[in-house]
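Protein chains get the first letters and strands the later ones, always in sequence-line order, with residue 1 at the start of each.
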There are 2 protein chains.
Amino acid sequence: MPTTNGRSALRLAKLQEALASGGTLHLRDAAELCDVSEMTIRRDLTTQKTAISLLGGRLVMANYPGVTPIYDLNEQQASHYQAKHRLCQRALAYIQEGDTLFIDCGSTLMPLLSQLSHFHELTVVTYALNVANAVAALPNVRLVLLGGLFYPASQSFGSDNMAAAIERLGINKALISAAGVDLERGVSCFHFHEVAPKQAAIATAMQRLLVVDASKFGVVRPAYFAALDDFDVVVTDEEKTHSSQYLGCGNAPLLS
Amino acid sequence: MPTTNGRSALRLAKLQEALASGGTLHLRDAAELCDVSEMTIRRDLTTQKTAISLLGGRLVMANYPGVTPIYDLNEQQASHYQAKHRLCQRALAYIQEGDTLFIDCGSTLMPLLSQLSHFHELTVVTYALNVANAVAALPNVRLVLLGGLFYPASQSFGSDNMAAAIERLGINKALISAAGVDLERGVSCFHFHEVAPKQAAIATAMQRLLVVDASKFGVVRPAYFAALDDFDVVVTDEEKTHSSQYLGCGNAPLLS
DNA sequence: CATTCAGTGTTATTTTTCTAACGTTGATTT
DNA sequence: AAATCAACGTTAGAAAAATAACACTGAATG
């Protein structure tokens, strides 16, 4: 095993370049490209800390979406996924043909996106890179990405004129996610740059849906962005004794 | 093999949802999730036309960047990649610490991006999704994505106020790619929505670099966007008898 | 000049994945 | 009721990938 990062790191850099344009590189080709044996590439990958990972004999960029958690969705995640899936299934019920949807950042709404392929005419507005990537793959969904400076923490963009950009769009339904929902302290998230787009979407959308799993109830996060009754619908996975899932369009308070 | 798309398609839909949030799913888990044998999942994948592909025992979304050409970069592409690589190596020579770069869409400049990780302080401005994804993976490069409506053909965004957005940024160097370069007919590309951002970048950047391989010379494409002497530097892979690779900042004409 | 050791190649072995063939089930048809 | 057939499971074999062990090389060190 190489202790110093000599030629090993150089090879990995070379391979990373080759992979940067997207795609996969077979171990055999990688070895040939670097003019070493496959075993050496293997060792490079295990020894050195690298963004490249080996997936069934093929090199892929591990930090690319769609590969990212090589640390697979296993048992626990699969069950946790079920929860998110059910949540999105409920949210899906509110979506109709021809809608222009605002999709918030985070992982909550991701399971919803692939479901959108069932529609014929749909527009998705988002400021999140992961959402954009998933939607870009859908053939019959128009994608509008609100750009700006990229914030890695939330995989989303922020810009001073994002609010204005959102208001110019005819957003039909806003699907908003949150990290905390509290009856008194309102709805909050982790990152402050998310506040402006969320608020703008809430302000312009004809229907506002808050999509949160029950674990977020009673939690307060640093960035407040809305009161609970700013939303027309709250989509949740659990039927609490003191909450109603659908509050109608009449701004009926939740958890009252 | 299933002739009608009955349960098979349903399973694939279910799996696609699971994968939509990004990540991979082991065949074993996929089988368990659908409550069938691994063989059945295998058959689903081979029989049905689907966006999911099997990569070393793991299910991945084939249309995600970083996996997309499962049809790997093989011999031919690897050699063709060498050309692009050399081209970008030359372009790299013009980049300095602290630069704010405009990176054009297309695949030409992709090999350049991973090289950018060697810098400590860099900002990349782009309107292309594939570029954004590659840059988002780099820890020490700031990313500014110019959003708008997504055009799948060029994996890039278009917007009516993109020119204004570009002009507000302090772009240092603009790296522009092209599909056609002709001495008389100027520099052109395929898609008309690319014209506005390219022109805006050329207008505001302090230094303008045209990065094109020699195969583009003498070619004219539908969308004209600049004259050849709008560029300060032309970076090319071949030394032609009647061309100079570096034209300096003095707007010296190329191919004169 | 012998020794050490990082770096690499080679080979053999194990493990995993892939493929092809055949067997089962249950609904539908004749 | 026998025949058919789609849908699926099971098994066994082939192919590929991962791992482990050992051998070679050449530069640095004593």
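Note: CZ (A/Arg11) to C1' (C/dA6) measures 12 Å, nearest angstrom. As a whole-Å value, the separation of B/Gln48 CD from D/dA7 P is 9 Å. Atom CE of B/Met39 is separated from atom C1' of C/dT19 by 7 Å (rounded to the nearest Å). A straight line from NE2 of A/His26 to P of C/dT17 spans 15 Å, rounded to a whole angstrom. Nucleotide D/dA17 holds its P atom 12 Å from the CG atom of A/Leu55, rounded to whole Å. Between the P atom of D/dT19 and the CZ atom of A/Arg43 lies a distance of 12 Å, rounded to the nearest Å. One atom, CG of B/Asp35, and another, C1' of D/dA7, lie 15 Å apart when rounded to the nearest Å. Atom-to-atom, CZ of B/Arg58 to P of D/dA17 comes out at 13 Å; the value is rounded to the nearest Å.
Picking from D/dC8, D/dT10, C/dG9 the nucleotide with the shortest atom distance to the side chain of B/Thr40 gives D/dC8. Nearest nucleotide to the B/Ser37 side chain, out of C/dG9, D/dG9, C/dT8: D/dG9. Of the listed nucleotides (C/dT8, D/dG9, D/dA20), D/dG9 has the atom at the smallest distance from the side chain of B/Val36.
With respect to A/Asp99 and A/Lys173, a salt bridge is recorded, a charged nitrogen being found less than 4.0 Å from a carboxylate O. Comment: A/Arg11 engages A/Asp44 in a salt bridge, judged by a side-chain N to carboxylate O separation of less than 4.0 angstrom.
The number of heavy-atom neighbours closer than 6.0 Å to CD of A/Glu38, taken from other residues, nucleotides and ligands shown, is above 12. Dense packing is recorded around CD of B/Gln89, with more than 12 heavy atoms of other residues, nucleotides or ligands lying under 6.0 Å away.
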